[in-house]
Asks: 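This is the structure I have questions about; it appears just below.
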Protein chains: 2
Amino acid sequence: MDFRECLETICGSVDGAIAATLMGIDGLPVESYEAPTDDPPTIDVGSLLVEFSTVLGQVRQSAETFSAGSLTEISIRSEQLTTIIRTLNEEYFVALAMKPAGNTGKGRYLLRIHAPNLLKDLA
Amino acid sequence: MDFRECLETICGSVDGAIAATLMGIDGLPVESYEAPTDDPPTIDVGSLLVEFSTVLGQVRQSAETFSAGSLTEISIRSEQLTTIIRTLNEEYFVALAMKPAGNTGKGRYLLRIHAPNLLKDLA
């Protein structure tokens with residue numbers, strides 16, 4: 001399964017999913033998939049994830065500095081969007097953006113089980 | 001219920017809870033409570049939360065800039081610690097740090113239901 005197929009599978013399996021992205025910690029996307037929708041897009045998810053990627057680096061550094069270990073996941077909930085970010089290795093992460101009423105638990109689960117495949121293909 | 005009592009109630013109701021803190025977005029704690037434990041502390045949770053508070057401000061700004069609305073919650077999972085941060089208003093947040101195997105769902109629930117009380121006392 002290639003990157004796009006994998007991101008499409010994740011999006012297609014979660015109610016309320018908006019987009020999934022495989023991204024470098026430097027904010028450069030490797031691959032992205034946006035779920036088809038009839039609603040006009042109101043949130044610039046791509047730009048938001050670039051912003052979040054800078055935060056990810058800082059959080060990872062802080063967690064390691066204060067002995068909390070390697071960062072595995074960050075979930076960010078705002079009024080209009082829930083974003084789950086799962087780190088893959090030192091350089092890449094995968095993120096899923098969904099509606100606030102979306103199934104976050106399933107989103108987290110899918111990112112976790114697809115992480116090894118994405119990681120394998122990144123090697 | 002005063003701040004400390006409230007934080008103690010939250011910590012005491014969640015399996016694996018380590019500490020709860022009411023903190024300003026500037027990283028200055030208003031009140032903190034650490035759950036009693038027989039284990040020697042290995043993670044400097046207080047310092048880590050100060051670091052995370054700087055990130056909170058950035059994430060909030062990004063979410064608002066890209067139309068994702070007001071930030072409500074961030075969860076940060078690392079190998080040794082799960083931290084749930086719930087914003088109370090523009091100036092304050094409440095955070096719960098727990099062991100990775102702790103009951104995150106209950107932690108989120110308790111922060112949510114205690115938020116109005118904390119907020120009322122902050123006014």
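Chain A is the first sequence line, chain B the second, and so forth, proteins listed ahead of strands; every chain is numbered from 1.
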Asks: Indicate, with yes or no, if A:Leu122 and A:Met23 share a hydrophobic cluster defined by side-chain heavy-atom contacts under 4.5 Å among Ile, Leu, Val, Met, Phe, Trp and Tyr.
Replies: no
Asks: Counting only heavy atoms from other residues, nucleotides and ligands, does the tally under 6.0 Å from CD of B:Glu34 exceed 12?
Replies: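 Atom CD in B:Glu34 is not packed in, count stays at 12 or less.
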Asks: Starting from B:Ile76, can I reach B:Leu22 by hopping between I/L/V/M/F/W/Y residues whose side chains sit under 4.5 Å apart?
Replies: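 No.
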Asks: Looking at every heavy atom in both A:Ser78 and B:Ala68, which two are closest together, and how far apart are they?
Replies: OG-O, 2.6 Å
Asks: With a 4.5 Å cut-off on side-chain heavy-atom distances among I, L, V, M, F, W and Y, is there a chain of contacts connecting A:Leu7 to A:Phe93?
Replies: no
Asks: Side-chain contact, heavy-atom cut-off 4.5 Å: A:Ser67 with B:Asp44?
Replies: no
Asks: Looking at every non-hydrogen atom in both residues, tell me the closest pair between A:Arg77 and B:Leu71 and how far apart they are.
Replies: O-CD1, 3.4 Å
Asks: Which atoms of A:Arg86 come close to chain B, meaning under 4.5 Å heavy atom to heavy atom: side chain ones, backbone ones, both, or neither?
Replies: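 Contact with chain B involves no heavy atom of A:Arg86 at all.
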Asks: Output the option from B:Gly105, B:Ser47, B:Ser75, B:Ser62 having the highest count of non-hydrogen pairs under 4.5 Å with chain A.
Replies: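 Looking at each option in turn, the highest pair count goes to B:Ser75.
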Asks: Do B:Val50 and B:Val55 belong to the same hydrophobic cluster, where Ile, Leu, Val, Met, Phe, Trp and Tyr are linked whenever their side-chain heavy atoms lie under 4.5 Å apart, directly or via other members?
Replies: yes
Asks: Quick check: is A:Phe3 connected to A:Ile85 through a chain of hydrophobic side chains (ILVMFWY, heavy atoms under 4.5 Å apart)?
Replies: no
Asks: Could you tell me which of A:Ile74, A:Ile84, A:Thr87 has the largest number of non-hydrogen atom pairs under 4.5 Å with chain B?
Replies: A:Ile74
Asks: Counting only heavy atoms not in A:Asp15 (residues, nucleotides, ligands), do more than 12 fall under 6.0 Å from its CG?
Replies: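 At most 12 heavy atoms, drawn from other residues, nucleotides or ligands, come within 6.0 Å of this atom.
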Asks: Kindly give the heavy-atom pair with the smallest separation between B:Gly69 and A:Gln80, and that separation in Å.
Replies: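 Minimum heavy-atom contact is N-CG, 4.1 Å.
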Asks: Quick one: closest heavy-atom pair of B:Ile43 and A:Phe66, and the distance?
Replies: CG2-O, 3.1 Å
Asks: Go through the atoms of A:Thr42 and report whether side chain, backbone, both or neither lie under 4.5 Å from a heavy atom of chain B.
Replies: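 Backbone of A:Thr42 only, per the 4.5 Å heavy-atom cut-off to chain B.
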